[in-house]
Amino acid sequence: SSAGSGTELTSGPSHAAAFFVELQNPSGKTAGPSNPALVATGSAPSEVAGFGAETRADGVVLHWDKAAPAPGMVLRIHRSLVKAPGAAKPRESLGAALPEQQVLEVNLDQEDQGQALDRDADFDRTWRYTAERVLHVEADQHTLEIAGTSSAAVTIDAKDIFPPQVPRQ
């Protein structure tokens, strides 16, 4: 069979493609094709532009330039702790340390708000964030993904500089 340039797999509308492998022994005999391997094909989602972060009293606000919503689209945000040498681990809750790396997802099916609030990022820590748009493609009861290019990393020193809340009676 003739091989294409490969661009048909990375451009155009998203869809699933199935690939099979069939090997022949030196006698030309085969056991038949393998089970299908499903892959998502099509254009990757646009890169996340204008990605930034700021600290507020209720957490770290992440913001980015909005893009058109699309069925199956999410914004995947990666958060990781930037450790200083000899630094203590993040706070522990009920004996379990919070993860030093976490993935957050924002649904972009209906609307891209251009911002999200990370309430779980501890104050007085330095965090590094990146984001990418990811398109979920459903095929044969499987969810496949086409990921866009990751944004530039944003590092924020989440200092707690906020006054305590006024007590309520």
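What's counted below: heavy atoms across the whole structure, side chains too, no hydrogens, waters or symmetry copies.
- Considering only heavy atoms from C-beta on, L81 stays 4.5 Å or farther from Q101 through its side chain.
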Given D124 and K159, is the side-chain contact (heavy atoms from CB on, under 4.5 Å) satisfied, shown in steps?
CA-CA 5 Å; D124 300 321; K159 294 285 185 197; 3.8 Å; yes

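- The minimum heavy-atom distance between G42 and I146, with the atom names listed, is N-CD1, 4.1 Å.
- The line from CZ of R133 to CG of L108 is 6.5 Å long, rounded to the nearest 0.5 Å.
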Could you walk me through whether W127 and D122 satisfy the side-chain contact (heavy atoms from CB on, under 4.5 Å) test, starting with their C-alpha distance in whole Å, then the side-chain angles of each, then the deciding distance to 0.1 Å, before giving a yes or no?
CA-CA 9 Å; W127 299 101; D122 278 349; 4.1 Å; yes

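- Side-chain atoms of S34 come within 3.5 Å of backbone N or O of V21 as a donor-acceptor pair.
- Two residues are said to be in side-chain contact when any heavy atoms from C-beta on lie closer than 4.5 Å; I77 and L75 meet this criterion.
- At distances below 3.5 Å, at least one donor-acceptor pair connects side-chain atoms of N25 with backbone N or O atoms of G28.
- Between atom OG1 of residue T143 and atom NE2 of residue H136 there is a gap of 7.0 Å, rounded to the nearest 0.5 Å.
- Between atom CD of residue Q102 and atom CG of residue D120 there is a gap of 5.5 Å, rounded to the nearest 0.5 Å.
- Residues D109 and A70 come closest through the heavy atom pair OD1-O, 3.3 Å.
- Heavy atoms only, all atoms of each residue included: P45 and A147 are closest at CD-C, 3.9 Å.
- The two residues G148 and A44 make their nearest non-hydrogen contact at CA-CB, 4.2 Å.
- Between T55 and F123, the closest side-chain pair of non-hydrogen atoms falls below 4.5 Å.
- The shortest distance between side-chain heavy atoms of S80 and R128 falls below 4.5 Å.
- Applying the salt bridge (Lys or Arg N to Asp or Glu O under 4.0 Å) test to every pair with at least one member in residues 33-48, sequence neighbours left out, gives no pairs at all.
- Residues I156 and Y129 form a side-chain contact, since some pair of their non-hydrogen atoms from C-beta on lies under 4.5 Å apart.
- Annotation: the span from E105 atom CD to M73 atom CE amounts to 12.0 Å, rounded to 0.5 Å.
- The salt bridge (Lys or Arg N to Asp or Glu O under 4.0 Å) test applied to E138 returns no partner, not counting sequence neighbours.
- Using a cut-off of 4.0 Å between Lys/Arg side-chain N and Asp/Glu carboxylate O, R79 and E100 are scored as not salt-bridged.
- Shown here for T41 and A17, the closest heavy-atom pair between the two residues is CG2-CB, 4.0 Å.
- Side-chain N/O atoms of E132 and H78 include a donor and acceptor closer than 3.5 Å.
- With respect to L117, the side-chain contact (heavy atoms from CB on, under 4.5 Å) criterion is satisfied by exactly one of L104, V61, V60: V61.
- No hydrogens or angles considered: a donor-acceptor pair under 3.5 Å links the side chains of E22 and T30.
- Distance alone, capped at 3.5 Å, is enough to place a donor-acceptor pair between the D112 side chain and the A67 backbone.
- V48 and V106 end up in the same hydrophobic cluster when Ile, Leu, Val, Met, Phe, Trp and Tyr side chains are linked at under 4.5 Å.
- Across F51 and A152, no two heavy atoms sit closer than the pair CD2-O, 4.0 Å.
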